[in-house]
> 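Handing you a structure now.
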Amino acid sequence: MGARERLSGDAKLAKLLDGRVAGEGRNCLSSYKMRRMQVIDGTAIVYRDGSTLWVNIPANAEHLDDSDVMVTRMFGSSLCRQDIVDTYDRSGHFMNGVIFLGDFVPYRRVDS
């Protein structure tokens with residue numbers, strides 16, 4: 001791969017999850033697990049909790065952009081499926097997308 005080629009969002013997610021197995025998805029994720037978050041452009045939001053990666057693939061993931069600011073509207077103390085995330089352009093501060101969260105799927109390393 002050339003220096004200028006960029007991995008697709010799906011390829012970045014696959015690389016991140018390499019060697020991990022998906023567990024049973026959950027509707028909600030405790031708010032303390034939301035501190036370490038990674039946005040994968042057009043694909044998913046990944047939350048890190050120790051060695052576990054919680055992957056959320058929104059229904060309209062095409063609006064995900066790691067350069068945007070994400071503002072989450074939570075309706076309780078946990079982040080849940082169907083909570084709303086508004087995305088804002090970092091430089092112009094205008095709203096440019098709305099994301100509806102899906103299930104949170106844990107990925108854990110496979111014991112060898």
Side-chain angles (χ1 to χ4, degrees):
M1 178 182 310
R4 293 190 173 235
E5 285 185 58
R6 294 187 63 181
L7 293 175
S8 70
D10 289 336
K12 284 181 186 178
L13 183 60
K15 185 176 179 179
L16 186 65
L17 299 178
D18 187 40
R20 295 175 182 270
V21 175
E24 187 174 335
R26 291 188 188 169
N27 287 330
C28 296
L29 190 62
S30 299
S31 60
Y32 78 88
K33 294 181 181 183
M34 297 183 298
R35 299 192 195 288
R36 297 180 60 201
M37 176 186 75
Q38 177 181 356
V39 174
I40 299 176
D41 290 349
T43 306
I45 304 169
V46 179
Y47 300 91
R48 294 177 184 269
D49 178 31
S51 62
T52 302
L53 300 180
W54 291 89
V55 177
N56 189 291
I57 299 178
N60 51 344
E62 69 274 5
H63 293 289
L64 289 172
D65 185 335
D66 66 354
S67 66
D68 286 343
V69 174
M70 295 176 49
V71 177
T72 305
R73 292 187 255 164
M74 292 173 43
F75 300 99
S77 61
S78 297
L79 188 60
C80 295
R81 176 182 179 82
Q82 297 302 318
D83 277 351
I84 301 167
V85 178
D86 296 323
T87 62
Y88 290 84
D89 178 80
R90 192 173 298 275
S91 59
H93 307 290
F94 56 88
M95 186 175 167
N96 59 7
V98 177
I99 296 166
F100 299 93
L101 297 175
D103 286 333
F104 296 88
V105 179
Y107 284 81
R108 294 179 177 91
R109 292 215 179 271
V110 178
D111 293 332
S112 17

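Residue numbers count from 1 along this sequence.
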> Does any non-hydrogen side-chain atom of M70 lie less than 4.5 Å from one of D86?
no

> Report yes or no: do Y107 and L13 belong to one cluster of Ile/Leu/Val/Met/Phe/Trp/Tyr joined by side chain heavy-atom distances under 4.5 Å?
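Shared cluster, yes.
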
> Taking only residues two or more places apart in sequence or in another chain, which ones pass side chain to side chain donor-acceptor pair (under 3.5 Å) with S51?
none

> Apply side chain to side chain contact (heavy atoms under 4.5 Å, CB included) to residues Q38 and I40 and explain how you reach the verdict.
CA-CA 6 Å; Q38 177 181 356; I40 299 176; 4.3 Å; yes

> Check whether any side-chain N or O of R90 sits under 3.5 Å from a backbone N or O of S67 as a donor-acceptor pair, and report yes or no.
yes

> Do you see a donor-acceptor pair shorter than 3.5 Å between the side chains of S8 and D10?
no

> Would a single hydrophobic cluster contain both V39 and I57, if residues Ile, Leu, Val, Met, Phe, Trp and Tyr are joined by side-chain heavy-atom contacts under 4.5 Å?
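Result: no, two separate clusters.
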
> Report yes if some heavy atom in the side chain of R20 is under 4.5 Å from a heavy atom in the side chain of V110; otherwise report no.
no

> Do any N or O atoms from the side chain of D65 and from the backbone of D41 form a donor-acceptor pair under 3.5 angstrom?
no

> Report the distance from atom CG of L29 to atom CG of N56, rounding to the nearest 0.5 Å.
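Separation between the atoms: 8.5 Å.
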
> Do any side-chain atoms of residues 91-106 form donor-acceptor pairs under 3.5 angstrom with protein atoms, and if so which ones, sequence neighbours left out?
unit_1	atom_1	unit_2	atom_2	d
S91	OG	D89	OD2	2.9
N96	OD1	T87	OG1	2.7
N96	ND2	D68	OD1	3.4
N96	ND2	D68	OD2	3.4
D103	OD1	R81	NH1	3.3

> Could you give the distance from CG (L16) to CZ (R48), rounded to the nearest 0.5 Å?
5.5 Å

> Mind checking whether V55 and Y47 have side chains closer than 4.5 Å, heavy atoms only?
no

> Considering the options D49, I45, V46, which one meets the side chain to side chain contact (heavy atoms under 4.5 Å, CB included) requirement together with W54?
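So, applying the side chain to side chain contact (heavy atoms under 4.5 Å, CB included) to W54 and each of D49, I45, V46, only D49 qualifies.
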
> Under a 4.5 Å side-chain heavy-atom rule over Ile, Leu, Val, Met, Phe, Trp and Tyr, are V71 and I84 clustered together?
yes

> Out of curiosity, M37 CE to T72 OG1, how far, rounded to the nearest 0.5 Å?
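The CE atom of M37 sits 7.0 Å away from the OG1 atom of T72.
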
> For a 4.5 angstrom cut-off between non-hydrogen side-chain atoms, does H63 reach N60?
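A side-chain contact under 4.5 Å exists here.
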
> Report the C-alpha separation of R73 and D83 in whole Å, then their side-chain angles, then the decisive distance to 0.1 Å, and conclude whether the salt bridge (Lys or Arg N to Asp or Glu O under 4.0 Å) test is met.
CA-CA 6 Å; R73 292 187 255 164; D83 277 351; over 6 Å; no

> Do L64 and P58 touch side chain to side chain, with heavy atoms closer than 4.5 Å?
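A side-chain contact under 4.5 Å exists here.
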
